[in-house]
Trainee: 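Mind having a look at this structure? Questions to follow.
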Amino acid sequence: MKAEIVTVGTEILTGQILNTNAQFLSEKMAEIGVDIYFQTAVGDNKDRLLEVLAIASKRSDLVILCGGLGPTEDDLTKQTLASFLGRDLIFDKEARDKLDRFFASRPQGSRTTNNERQAQLIEGSRPIQNITGLAVGGLVESGGVSYVVLPGPPSELIPMVNQQLLPMLTATQTRLYSRVLRFFGIGESQLVTVLANFISEQTDPTIAPYAKIGEVTLRLSTKALGLIEANQKLDKLEKAILDTPTMDSIPLRQFFYGYGEDNSLSREVVQLLKQKKKKLTAAESLTAGLFQSTLANYAGISEFFSGGFVTYSMLEKSRMLNIPLSDLQANGVVSHYTAREMAEKARLLTESDIGISLTGVAGPDSLEGHEAGTVFIGISTEEKTDSIQIAIGGRTRSDIRYIATLHAFNLVRKTLLKS
């Protein structure tokens, strides 16, 4: 089904209000598998609205008009659509009764003849009752096109759409189902290049990549009559994607870490800590507590994280973590040695199962001959203490610290999966 949204109101065109109704309606239509092809904003002018309707009727199966259902002279959406369709306006009994009850509770003389317009429907319409307001909406079909009229105030439009319009449209309509795959350690450009054939040949399901700082997501979407059918289609595409090798012949599944729009590496780590019943600690230098403050966002984390260290200077690394100062001076704070010592000493001092450490150069200046973005991350367990070096190039100081933290969470995640 091809659809479009027509928002009516001069105040939208003059910038007095934001067109939030179009955004809301687009999201809701996408959820039920209705494709919005066009959005139009038009002022409170009958001739211009007639022009818009003439165009919309030729290119869309569903036209949703919102705004212009009020009692004033410039509220002319229903009147104009009725004229366009060659139909009369009639009164809806339920809406008129509500209007009577409303004005019965108001001072005498507050009701005007214009108020009657709010209870009118285009002949042949299915009414969409206004739960929070007075202007009734409606759905009417003509010439193979369905037209919906809705009031402009979001407080009225939103419940009408959620409670009445969507059930009307979904009786025999396929819905849109989506699944978000999250990747870390591969850039958007490489991911898109690797999946070029999938993307260029996509029909249903579809693939949409989104880049965020330090990670990439893929939204897989399909239209189906139910969840079982949707999952079958999405499972097949997901497997094909994850089995695809990168340019380095590494399957994409090695960069995949989880599902969901609101998921994150830190959330995955917290869930694994709970599943594995492991205790984690951290010693941070360049990230200055960012790793630990991220952990603190999760309720109940104190069961798995009792505390850690922020050792920004060389002296504090020595004093707080019991690392010989002479060894730090000999190896430098930006080194594999220091990263491993920080992770191991933090683990031992807190009697944790895993110790993670971050040390490096946040920038903008270099340090100990290392460029900004050079980061060493240590990881220590009872079985082994190790470290990795990463280079985060072309980023701001805050981005370097944030991406370094993502790498640390990913290293902890991989370690927990092996335990």
Side-chain angles (χ1 to χ4, degrees), residues 184-185 212-215 257 264-270 272-273 279-298 301-302 304-323 328 331-350 352 354-381 385-416:
F184 179 78
K212 300 185 177 183
I213 298 177
E215 61 178 299
Y257 76 82
S264 64
L265 284 163
S266 59
R267 188 181 298 277
E268 289 288 318
V269 165
V270 170
L272 285 169
L273 287 171
K279 188 177 176 182
L280 173 66
T281 189
E284 298 180 68
S285 182
L286 85 156
T287 47
L290 182 58
F291 182 93
Q292 295 168 75
S293 67
T294 303
L295 281 178
N297 289 329
Y298 297 95
I301 193 60
S302 58
F304 310 99
F305 171 70
S306 59
F309 306 85
V310 177
T311 56
Y312 212 69
S313 70
M314 181 182 290
L315 181 61
E316 292 305 323
K317 288 178 178 64
S318 174
R319 184 156 51 190
M320 295 176 68
L321 294 170
N322 297 331
I323 305 173
L328 288 170
N331 290 277
V333 296
V334 187
S335 65
H336 282 291
Y337 168 82
T338 300
R340 288 194 290 265
E341 284 293 300
M342 289 172 66
E344 184 174 46
K345 292 298 197 299
R347 178 179 65 83
L348 294 173
L349 286 168
T350 59
S352 298
I354 301 174
I356 189 78
S357 69
L358 297 106
T359 184
V361 190
D365 300 324
S366 60
L367 178 66
E368 298 179 349
H370 295 283
E371 295 296 322
T374 303
V375 179
F376 291 86
I377 302 176
I379 185 86
S380 178
T381 65
T385 297
D386 205 348
S387 61
I388 63 171
Q389 178 181 352
I390 58 174
I392 306 169
R395 296 285 185 169
T396 64
R397 181 179 174 86
S398 61
D399 283 353
I400 288 171
R401 296 173 64 241
Y402 176 72
I403 294 171
T405 301
L406 293 181
H407 279 278
F409 275 114
N410 194 46
L411 190 55
V412 173
R413 181 184 69 88
K414 290 181 175 180
T415 301
L416 285 167

Trainee: Does Ser318 use its side chain to pair, donor to acceptor, with the backbone of Ile323 at less than 3.5 Å?
Mentor: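 Confirmed, Ser318 side chain pairs with Ile323 backbone.
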Trainee: Given Thr311, which of Met320, Glu284, Lys345 fulfils the side-chain contact (heavy atoms from CB on, under 4.5 Å) condition?
Mentor: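 In the set Met320, Glu284, Lys345, the residue that makes a side-chain contact (heavy atoms from CB on, under 4.5 Å) with Thr311 is Met320.
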Trainee: Does anything in residues 304-315 form a salt bridge (Lys or Arg N to Asp or Glu O under 4.0 Å)? List the pairs, not counting sequence neighbours.
Mentor: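 Residue pairs passing salt bridge (Lys or Arg N to Asp or Glu O under 4.0 Å), neighbours aside: none found.
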Trainee: With side chains defined as the heavy atoms from C-beta onward, is the minimum distance between Ile392 and Asp399 less than 4.5 Å?
Mentor: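 Heavy-atom side-chain distance check fails, nothing below 4.5 Å.
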Trainee: Atom CG of Leu273 and atom CD1 of Ile301: how far apart are they, to the nearest 0.5 Å?
Mentor: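 Leu273 CG to Ile301 CD1: 5.5 Å, rounded to 0.5 Å.
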Trainee: Mind listing the closest non-hydrogen atom pair of Ile213 and Arg395 along with its distance?
Mentor: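 Smallest heavy-atom distance, with atoms named: CG2-NH1, 4.3 Å.
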Trainee: I'd like to check the side-chain contact (heavy atoms from CB on, under 4.5 Å) partners of Arg319; sequence neighbours left out, ordered by chain and number.
Mentor: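 Arg319: side-chain contact (heavy atoms from CB on, under 4.5 Å) contacts with Leu315, Glu316.
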Trainee: Would you check if Asn410 and Leu406 make a side-chain contact, meaning some heavy-atom pair closer than 4.5 Å?
Mentor: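 Heavy-atom side-chain distance check fails, nothing below 4.5 Å.
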Trainee: Give a yes-or-no answer on whether the side chains of Lys317 and Thr338 include a donor-acceptor pair shorter than 3.5 Å.
Mentor: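 There is no such pair between these side chains.
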Trainee: Would you be so kind as to tabulate the donor-acceptor pairs closer than 3.5 Å made by side chains of residues 354-368, with sequence neighbours excluded?
Mentor:
residue, atom, partner, partner atom, Å
Ser357, OG, Ala339, O, 2.6
Ser357, OG, Gly378, N, 3.1
Thr359, OG1, Val333, O, 2.7
Glu368, OE1, Val333, N, 3.1
Glu368, OE1, Val334, N, 3.0
Glu368, OE2, Val333, N, 3.0

Trainee: In Å, rounded to the nearest 0.5 Å, how long is the span from CE of Met342 to OG1 of Thr281?
Mentor: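 Met342 CE to Thr281 OG1: 10.5 Å, rounded to 0.5 Å.
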Trainee: Arg401 and Thr287: which non-hydrogen atoms are nearest, and at how many Å?
Mentor: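 Smallest heavy-atom distance, with atoms named: NH2-O, 2.8 Å.
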Trainee: How far does CG of Leu411 sit from NE2 of His407, to the nearest 0.5 angstrom?
Mentor: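 NE2 of His407 is found 10.5 Å from CG of Leu411.
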Trainee: Suppose we screen for side-chain contact (heavy atoms from CB on, under 4.5 Å). Which residues come up paired with Ser266, at least two apart in sequence or across chains?
Mentor: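 Applying side-chain contact (heavy atoms from CB on, under 4.5 Å) to Ser266 gives Ser264, Thr294, Tyr298, Phe409.
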Trainee: Give the C-alpha distance, both sets of side-chain angles, the deciding distance and a yes or no for side-chain contact (heavy atoms from CB on, under 4.5 Å) between Glu268 and Leu416.
Mentor: CA-CA 10 Å; Glu268 289 288 318; Leu416 285 167; over 6 Å; no
Trainee: Quick one: do Leu265 and Arg413 satisfy side-chain contact (heavy atoms from CB on, under 4.5 Å)? Show the steps, please.
Mentor: CA-CA 8 Å; Leu265 284 163; Arg413 181 184 69 88; 3.9 Å; yes
Trainee: Compare every heavy atom of Phe309 with every heavy atom of Thr350, then report the nearest pair and how far apart it is.
Mentor: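 That closest heavy-atom pairing would be CG2-CE1, 3.9 Å.
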Trainee: Can you name the side-chain contact (heavy atoms from CB on, under 4.5 Å) partners of Arg340, sequence neighbours left out?
Mentor: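 Applying side-chain contact (heavy atoms from CB on, under 4.5 Å) to Arg340 gives His336, Thr385, Ser387.
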Trainee: Can you name the closest pair of heavy atoms from Thr405 and Phe291 and give their distance?
Mentor: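 Thr405 and Phe291 have their closest heavy atoms at CG2-CA, 3.8 Å.
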Trainee: Between Phe304 and Leu295, is the side-chain contact (heavy atoms from CB on, under 4.5 Å) condition met? List the steps.
Mentor: CA-CA 10 Å; Phe304 310 99; Leu295 281 178; over 6 Å; no
Trainee: Run the side-chain contact (heavy atoms from CB on, under 4.5 Å) test on Gln292 and Val310 for me, step by step, so that the C-alpha distance in whole Å, both residues' side-chain angles and the decisive distance to 0.1 Å come before the verdict.
Mentor: CA-CA 9 Å; Gln292 295 168 75; Val310 177; 4.0 Å; yes
Trainee: Search all heavy atoms of Ala282 against all heavy atoms of Phe305 and return the closest pair with its distance.
Mentor: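 Here Ala282 and Phe305 meet closest at N-CE1, 4.3 Å.
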Trainee: Kindly compute the distance separating CD (Gln389) from CD1 (Ile377), expressed to the nearest 0.5 Å.
Mentor: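 The CD atom of Gln389 sits 10.5 Å away from the CD1 atom of Ile377.
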Trainee: Does Tyr257 have any side-chain hydrogen bond (donor to acceptor under 3.5 Å, both in side chains) partners at least two apart in sequence or in another chain, and if so, which?
Mentor: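 With sequence neighbours excluded, Tyr257 shows a side-chain hydrogen bond (donor to acceptor under 3.5 Å, both in side chains) to Arg182, Glu215, given in chain and number order.
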